[in-house]
Amino acid sequence: MSTLGVTPENIEIVDAYSEKSAKNGKFKQLSGEVGSSFVELFRDSAQYINAHRNSTMVIHIPSSLLLRESKSYDGDDQLKQPRSDLTWVDDIALAWTLGVNIVIIIDCKCHVNDRLELLDSYQSSLPFNETVIPINQELLHIIKEVSGGLRFDLERLLTKFTSANGHKGGIVSGNYFTAKPVGIIKGQNFGFAGNLRSVDAEKIRSAHKTNDIVVISPLGVSPSGEFFFVNSYDLAAGVATALVAKKVIFCLQKGAYLLYHTRHDRKLLQSLRYSDAKELLNIYLKRSSIQQKGSSCSNDGVAEMVVAMQAAMPSLHAGVKRAHFVNPTNGSLLRELYTRDGSGTLVSRDLYDGIRGATAEDVISIYELILPLVKQGILIPRSIRKIEESIHLYHVLTRDGNIVACGQIQRFEGCAAEISCLVVHPDYRKSGMGDALLGYMKRLCVQTGAMFLFALSTQSMQWFIERGFSEVDFSRLPPSRIKAYDHARKSKVYMMVIDGDRDLDATELLRDRN
C-alpha cells in the first residue's frame, strides 16, 4: 500500500439500502436524503442557464457594493454575519462562467464623495440622482483616481475568481464610449460634466467573442481628447441600447420593492410592463422629495429605485428586452437570473403592443378572420350576431389598424377560465403573435383571480401542449362548462395552472431565447 493509499482488505461493499447504510450519515448525504433541495434547485435552474447562455447583460453596480460582502438574512429578516470572502463580484463572475456576456458599469460616486468629505474646499457632493453639477479640474482629477482604483480592484477580484475556478477569460477595460460636454446651460458652465455621445458596440462584441468580461468606468473621452464625467445610470442604459442587450441590471445599494394595493389587500409586485412603469415614474417624479435627493449614498431606497427605473426607460423603448432592479442581499443577483421567483423587480418591454379589448366595430373583422377555420371544422361556427353579443369577451391584436389575431376569454366558477377562438391571420402565423396574444390573455386571467386555464381543441392540440398545457379528462372542467360540452364533437381538454405574474415572466423568458 502506498502512503496515500487504502488497505483493500478493510473495504466492504454495502447494499445501498441495508441497515448499515441507513445508520451512516455520510451515506444519507450521498444518496440524496441530505441536500435534495440543492438537486431540485439545480434542476430548476438548468432552463435559465440555457436561456441566458451567450446573451448580453449590462450590469450597473455602485462602488459601495463593489468591494462589500453581500448581506445575508435569516428567515426572520435578521441580518446574519456575511462571509468575508463573498462579494457581489463573485456572483457576477459566476454568471460569466455560465456563458453570459457581461458588461460592468461602475458607479463611483459614493467613493468620490468619501474623498470629497476629507477636503475643506468642497461643500457639495456628486448627486445621487441624475442632476448634473459642474465638474472642475480638481474634481475631475479625484474622479480619475477613484475610477482607476475601483477598476483595478474589480479586475483583481475577477482575476481571483477565474484563478480559483479555472475559468478561461480575460478582464478588459478601455475607451468603449465617447463623451461630449454638457456645455453651458442658462449661463452655468458645467466644465467636465458630460453626456454619452457614442458606444463602440463592435469593440465590446469582439471582447465577448474571446470570452472577456468588459469593465467600463463613467469617464469618457471626447474626439478632441478631453475627459468628461458621464452619469453612470445613463451610461449603463446607453451601452445596453447600443448592444441591444437582453438585460440591463441595476444593483441597488439600499434596495426597494413594489407593493400593489388593492381594495382589501396589498401584495408584492415583482414585474411591471414598460407602459405601467412609465406611468408609475410620472407619478413619483412629481414628488419634489424624489427630485431633490442630493447624496450619492442616499438612505432612501425609493429614490434610488426611481432613478434607476428612470434611466432604464429609454433602453427598454429602444429595444432592450428587460430591466432588473436587484436588492443588496446575499445571492440576489443569482436568484433573479436563475430562479423562477427571482428576488428583485423586473420591468419588461411591452410585448403586448397592439393588443386591446374588442369593440363593436371589430365584429365583422373577427368574423372574417375566423371564418376560414370554421369552414375547415377547426372552430365551432359563430354567427355575426353571436360574436356581437359576446364582443366584451374578445381581445384583438392589430397591426397598422388591421386585426391580425383574436382570442376569447370566458370566466367560470372555481377560479377557472377558458381561452377559445384563438386565431392568427395566415400571413402572421410564424411571427409570435399567437404567443403574444395567449400571454396577454393569461395575464388578464391572473388579474381576475383565475388560476386554472383550459382550452378545448380538435386539431391544435400540439400547439397548446408546447405552451405548457396538459391534456385532462373533460370531467375536470367546471360544472357549468361540463353541461355545455359537445360530446359529438369530442374535443380534447387542455389545462394549465398559473402561479402568478412571475410564473408568466419565466414562461416568456424561456420562449424568447434570442
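- Every salt bridge (Lys or Arg N to Asp or Glu O under 4.0 Å) that Arg205 has, sequence neighbours left out, goes to Glu202.
- From Met309, atom CE reaches atom CG of Leu272 across 6.5 Å, with rounding to the nearest 0.5 Å.
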Item to check | Verdict with supporting geometry, Met313 and Leu316, side chain to side chain contact (heavy atoms under 4.5 Å, CB included) | outcome: CA-CA 5 Å; Met313 290 298 103; Leu316 291 170; 3.7 Å; yes
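- Side-chain atoms of Arg335 come within 3.5 Å of backbone N or O of Asn330 as a donor-acceptor pair.
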Checklist entry - Between Leu219 and Leu140, does a side chain to side chain contact (heavy atoms under 4.5 Å, CB included) hold up when you go through it step by step? => result CA-CA 9 Å; Leu219 277 173; Leu140 180 65; 3.8 Å; yes
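- For the residue pair Gln253/Ser64, the side-chain donor-acceptor check at 3.5 Å is satisfied.
- A search for ring pair (Phe, Tyr, Trp, His ring centres under 6.0 Å) contacts involving His208 returns nothing, not counting sequence neighbours.
- In this structure, CG in Leu337 is found 10.0 Å from CG in Leu94, a value given to the nearest 0.5 Å.
- Looking at Asn211, its side chain does come within 3.5 Å of a backbone N or O of Lys168 through a donor-acceptor pair.
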Next on the checklist: Please determine whether side-chain hydrogen bond (donor to acceptor under 3.5 Å, both in side chains) holds for the pair Ser315 and Thr241, giving the CA-CA distance in whole Å, both sets of side-chain angles, and the decisive distance to 0.1 Å.
Outcome noted: CA-CA 5 Å; Ser315 61; Thr241 300; 4.6 Å; no
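- If you take CG on Leu139 and NZ on Lys144, they are separated by 11.5 Å, rounding to the nearest 0.5 Å.
- Looking only at distances, no side-chain donor or acceptor of Ser332 sits under 3.5 Å from a matching main-chain atom of Pro328.
- Side chain of Glu304 to main chain of Ala256: no donor-acceptor pair is present (N/O by atom type, distance under 3.5 Å, no hydrogens or angles).
- Within a 6.0 Å sphere centred on CZ of Arg399, other residues, nucleotides and ligands contribute more than 12 heavy atoms.
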Checklist entry - For Glu145 and His141, what are the C-alpha separation, side-chain angles and deciding distance, and is it a side-chain hydrogen bond (donor to acceptor under 3.5 Å, both in side chains)? => result CA-CA 6 Å; Glu145 287 185 348; His141 180 72; 3.0 Å; yes
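- In this structure, His324 has its ring center no closer than 6.0 Å to that of Phe250.
- Closest heavy-atom contact between Asn189 and Gly191: OD1-N, 2.9 Å.
- Within the 4.5 Å cutoff, the side chain of Ile498 has heavy atoms near those of the Leu453 side chain.
- Remark: Lys278 NZ is loosely packed, at most 12 non-hydrogen atoms of other residues, nucleotides or ligands lying under 6.0 Å away.
- Residues Asp276 and Arg273 are not paired through a salt bridge, judged by the lack of any N-O separation under 4.0 Å between the basic side chain and the carboxylate.
- Checking side-chain atoms of Arg443 against main-chain N and O of Gly439 turns up no donor-acceptor pair under 3.5 Å.
- Aromatic ring orientation, Tyr440 versus His395: perpendicular (interplanar angle above 60°, classes split at 30° and 60°).
- Looking at Thr339, its side chain does come within 3.5 Å of a backbone N or O of Gly342 through a donor-acceptor pair.
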Next on the checklist: Run Leu346 and Gln270 through side chain to side chain contact (heavy atoms under 4.5 Å, CB included) and show every step you take.
Outcome noted: CA-CA 6 Å; Leu346 164 69; Gln270 287 187 269; over 6 Å; no
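- The distance between the ring centers of Tyr48 and Tyr338 does not fall below 6.0 angstrom.
- Here the side chain of Arg197 pairs no donor or acceptor atom with the backbone of Ser222 at under 3.5 angstrom.
- Rounding to the nearest 0.5 angstrom, the gap separating the CD1 atom in Ile105 from the SG atom in Cys251 is 11.5 Å.
- Val347 is listed as a side-chain neighbour of Phe325, based on a closest heavy-atom distance under 4.5 Å.
- Counting only heavy atoms from C-beta outward, the side chains of Glu471 and Met495 never approach each other to under 4.5 Å.
- Nearest heavy atoms, Ile216 versus Val214: CG1-CG1, 3.9 Å.
- Remark: the Asp212 side chain and the Thr210 side chain contain an N/O donor-acceptor pair separated by less than 3.5 Å.
- In this structure, Cys108 and Phe229 have side chains that are in contact, with non-hydrogen atoms separated by less than 4.5 Å.
- Residue Asn175 comes nearest to Lys203 through the heavy atom pair O-NZ, 3.7 Å, listed as atom of the first residue, atom of the second, then distance.
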Next on the checklist: Between Ser348 and Arg322, is the side chain to side chain contact (heavy atoms under 4.5 Å, CB included) condition met? List the steps.
Outcome noted: CA-CA 4 Å; Ser348 58; Arg322 294 172 176 87; 4.0 Å; yes
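- When all heavy atoms of Val230 and Ala179 are compared, the pair lying nearest together is CG2-CB, 3.8 Å.
- Using modelled atom types, one side-chain atom of Ser55 and one backbone atom of His52 make a donor-acceptor pair closer than 3.5 Å.
- Between Ile104 and Leu154, the closest side-chain pair of non-hydrogen atoms falls below 4.5 Å.
- Side-chain contact check for Val248 versus His60: every heavy-atom pair is 4.5 Å or farther apart.
- Contact annotation: the side chain of Asn195 never approaches that of Asn231 to less than 4.5 Å [non-hydrogen atoms, C-beta and beyond].
- The shortest distance between side-chain heavy atoms of Leu252 and Val326 does not fall below 4.5 Å.
- With hydrogens and angles disregarded, a donor-acceptor distance shorter than 3.5 Å links the side chain of Ser63 to the backbone of Asp107.
- Taking all atoms of both residues into account, the shortest heavy-atom contact from Lys109 to Ser232 is NZ-OG, 3.8 Å.
- With rounding to the nearest 0.5 angstrom, the CD1 atom of Ile213 is 7.5 Å from the CD1 atom of Ile171.
- Atoms CH2 and CZ, on Trp463 and Phe469 in that order, are 7.5 Å from each other to the nearest 0.5 Å.
- Between Ala193 and Phe228, the closest heavy-atom pair is O-CD2, 3.8 Å.
- Under a 3.5 Å cut-off, the side chain of Asp114 and the backbone N or O of Leu116 do not form any donor-acceptor pair.
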